[in-house]
> 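What follows is a structure written as structure tokens; I'll ask about it next.
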Amino acid sequence: MVPLPPSHSRRSLLTGTLPHALAALISLGAFASSARAQTAVMLDGRVLTQKVPLSLFATEGPVWNLDLANQGILVTGKKVTIPATVNGTPLKISGSSVLGQDGEALTGIGATDFARLLDANAVGTDRDLGRVAANLGPRRLGASRSLFSTSEARRATANALLIRDPQAQTVIEQNYFQMVQRAHQAHADVLPADFLERAGLRGTTPADWVYPPTSGGTLKSAGHVYVDANGSEFYVPDVEVVIELSENVAGGVVRSLARGDSSRPDSFVMDDLLLIFNQDPRFGAEVLGLGEAVIPRDEFFKQVVAGRTSCDVIGHMVGDHVMFVQEVLTEFTDPTAGIHITADRFSINVGAGEARWRGTVDKPQGVRLVAVLIDTSAQGVETRRTFAVALAIDPLTGAATYSARNRRTNLANLTHIEMQVLNQTTGALEASERFDIRPFRQ
């Protein structure tokens with residue numbers, strides 16, 4: 001099996017790659033013969049093993065239901081099970097978040113905190129507020145979109161197996177109306193005169209307002225069928241599991257922006273689209289800079305120049321005119337942070353003895369870049385080979401890109417590549433990033 005991937009990155013939407021579950025399944029089929037993950041442990045201690053012969057699955061569709069007792073998500077006719085661990089490693093749902101003490105996403109939701117996926121826990125008074133210090137600015141105001149489709153979320157049911165919460169849905173809809181109304185006040189001069197009506201706030205009487213219907217949240221997953229000691233089957237996403245309310249994308253020039261307060265969220269406008277930083281504690285709300293380095297939101301509001309600054313945004317729409325932003329993609333750098341190094345597009349051709357990859361360095365002034373090829377023996381002993389890599393500095397942003405290539409070398413034991421930024425004068429190490437390239441060997 002291919003190694004479990006890092007946390008989900010939505011930038012793939014902007015580069016035209018395959019949908020995650022489909023790409024993961026193709027990758028899974030290509031590497032099935034080298035399968036490594038063979039056991040999973042449920043929260044209640046049940047041990048699962050991969051079904052023999054291997055049985056693959058993938059999903060990408062709206063969430064129908066949750067099985068809280070067994071940490072399951074029902075989607076596309078399957079119940080995808082979230083075990084506590086896969087081969088001893090905790091499994092977290094990419095795209096989801098648990099708030100940390102700073103009010104930012106700390107980690108993904110897993111089996112131990114599976115109940116955080118419930119709508120009621122995304123709008124209730126205990127929605128992580130106790131974990132966020134009082135002086136950190138606007139708190140998360142709560143979800144504005146259900147994990148289920150609007151028709152299902154509103155439906156009362158006597159079926160004990162169905163998770164439906166019309167009361168939580170009522171709060172979700174009110175959250176939407178209040179946040180849109182308050183954010184609109186800061187941007188009314190740049191939005192169309194009929195914007196509130198477009199967004200569903202028709203007239204001045206709240207009873208006449210119409211919440212835009214939405215589909216259920218999306219679960220993307222790929223993995224294997226596992227069995228327990230009794231032979232019962234479980235769909236375990238040991239390759240990828242990603243949850244999101246949606247994956248909508250917009251890009252353009254920021255026309256207006258406004259910091260929030262205790263009752264109004266941070267927001268901005270592009271064209272005639274109102275963008276509100278996500279207030280649902282189940283999902284993130286980040287600003288990413290050059291090389292996808294996380295940028296403090298304060299820096300976003302400091303560096304954006306209304307009418308001039310362009311960015312891309314990814315999040316979930318509610319209706320056709322309001323997006324709740326989960327990621328802002330910018331070319332900013334954080335002046336208070338250290339040097340950020342990225343590497344991607346690895347091509348490791350062992351037979352030809354050629355390794356290629358590329359990346360970025362967001363603060364290249366006064367430094368030089370070297371690549372370290374790390375060979376690991378069967379006994380775990382590492383040996384290193386180093387070569388210089390040229391930096392190409394962008395005169396507009398001040399950041400740099402690089403394209404590394406190493407030819408005519410023995411790559412039989414190559415397991416990692418480390419990119420190091422050294423002080424140009426003293427040679428002192430100023431930053432480094434280590435990358436596991438084993439998944440890219442061919």
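Computed from heavy atoms alone, side chains included, the values below leave out hydrogens, waters and symmetry copies.
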> Using salt bridge (charged side-chain N to carboxylate O under 4.0 Å, His left out) as the criterion, list what pairs up with Asp271, not counting sequence neighbours.
none
> Side-chain contact test, heavy atoms from C-beta onward, threshold under 4.5 Å: evaluate it for Leu196 versus Val180 and give yes or no.
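They are in contact (side-chain heavy atoms under 4.5 Å apart), so the answer is yes.
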> Just so I know, are the side chains of Trp357 and Arg345 near enough to count as touching, which here means a heavy-atom distance under 4.5 Å?
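No, side chains not in contact.
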> Residues in salt bridge (charged side-chain N to carboxylate O under 4.0 Å, His left out) with Arg358, at least two apart?
Asp344
> Minimum heavy-atom separation for Ala122 and Arg282, please, with both atom names.
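Heavy atoms only, the tightest pair is CB-NE, 3.4 Å.
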> Do Ile348 and Arg438 have side-chain heavy atoms sitting under 4.5 Å apart?
no
> For His316 and Glu244, test the side chains for any donor-to-acceptor distance below 3.5 angstrom and give the result as yes or no.
no
> Does the salt bridge (Lys or Arg N to Asp or Glu O under 4.0 Å) test come out yes or no for Arg202 and Asp194, once each step is laid out?
CA-CA 9 Å; Arg202 300 171 184 172; Asp194 64 345; over 6 Å; no
> Could you give me the CA-CA distance, side-chain angles and deciding distance for Glu286 and Arg297, then say whether salt bridge (Lys or Arg N to Asp or Glu O under 4.0 Å) is met?
CA-CA 7 Å; Glu286 294 183 321; Arg297 196 179 300 175; over 6 Å; no
> Which residues pass the side-chain hydrogen bond (donor to acceptor under 3.5 Å, both in side chains) test with Thr336, sequence neighbours left out?
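Residues passing side-chain hydrogen bond (donor to acceptor under 3.5 Å, both in side chains) with Thr336: Asp334.
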> For the pair Tyr211 and Tyr176, name the ring-plane relationship: parallel under 30°, tilted 30 to 60°, perpendicular over 60°.
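Judged by the thresholds at 30° and 60°, the geometry between Tyr211 and Tyr176 is perpendicular.
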> Classify the ring geometry of Phe57 against Tyr235: parallel below 30°, tilted from 30° to 60°, perpendicular beyond 60°.
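Phe57 and Tyr235: perpendicular rings.
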> Short question: side chain of Arg198, backbone of Asp320 - any donor-acceptor pair under 3.5 Å?
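Pair absent, no side-chain N/O of Arg198 close to backbone of Asp320.
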> Which residue in the set Asp119, Thr157, Asn65, Asn159 passes side chain to side chain donor-acceptor pair (under 3.5 Å) when paired with Arg164?
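The passing option is Asn65.
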> Is there a donor in the side chain of Gln169 and an acceptor in the side chain of Glu173, or the other way round, less than 3.5 Å apart?
yes
> Using a 3.5 Å distance criterion without hydrogens, assess whether the side chain of Ser55 forms a donor-acceptor pair with backbone atoms of Lys51.
no
> Who pairs with Arg182 by side-chain hydrogen bond (donor to acceptor under 3.5 Å, both in side chains), at least two apart in sequence or on another chain?
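Expected list: none.
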> With no hydrogens and no angle check, just 3.5 Å: does a side-chain donor-acceptor pair link His340 and Asp362?
no
> Distance from Asp113 atom CG to Ile82 atom CD1, nearest 0.5 Å?
11.5 Å
> Just by modelled atom types, is the Leu74 backbone N or O under 3.5 Å from a matching donor or acceptor in the Asp67 side chain?
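Side chain of Asp67 to backbone of Leu74: no pair is present.
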> Going by atom types alone, do Asn70 and Arg46 pair a side-chain donor with an acceptor below 3.5 Å?
yes
> When you measure from the side chain of Ser221 to the backbone of Pro237, do you find a donor-acceptor pair of N or O atoms at a distance under 3.5 Å?
no
> Under the 3.5 angstrom rule, does the side chain of Asn121 hit a backbone N or O of Leu118 as a donor-acceptor pair?
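Not at all, since once roles are kept as given, no pair shorter than 3.5 Å links the two residues.
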> Identify, with sequence neighbours excluded, every residue that meets side-chain hydrogen bond (donor to acceptor under 3.5 Å, both in side chains) alongside Glu299.
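With sequence neighbours excluded, Glu299 shows a side-chain hydrogen bond (donor to acceptor under 3.5 Å, both in side chains) to Gln303, given in chain and number order.
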> Angle between ring planes, Phe300 versus Phe332, binned at 30° and 60°: parallel, tilted or perpendicular?
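Rings of Phe300 and Phe332: tilted, as their planes differ by 30° to 60°.
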> Over 60° means perpendicular and under 30° means parallel, so classify the ring planes of Phe346 and Phe435, tilted if in between.
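Phe435 and Phe346: tilted rings.
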> Taking Asp266 for its side chain and Gly260 for its backbone only, find out whether a donor-acceptor pair lies under 3.5 Å.
yes
> Using side-chain contact (heavy atoms from CB on, under 4.5 Å) as the criterion, list what pairs up with Thr76, not counting sequence neighbours.
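Per chain and number, Thr76 pairs via side-chain contact (heavy atoms from CB on, under 4.5 Å) with Thr59.
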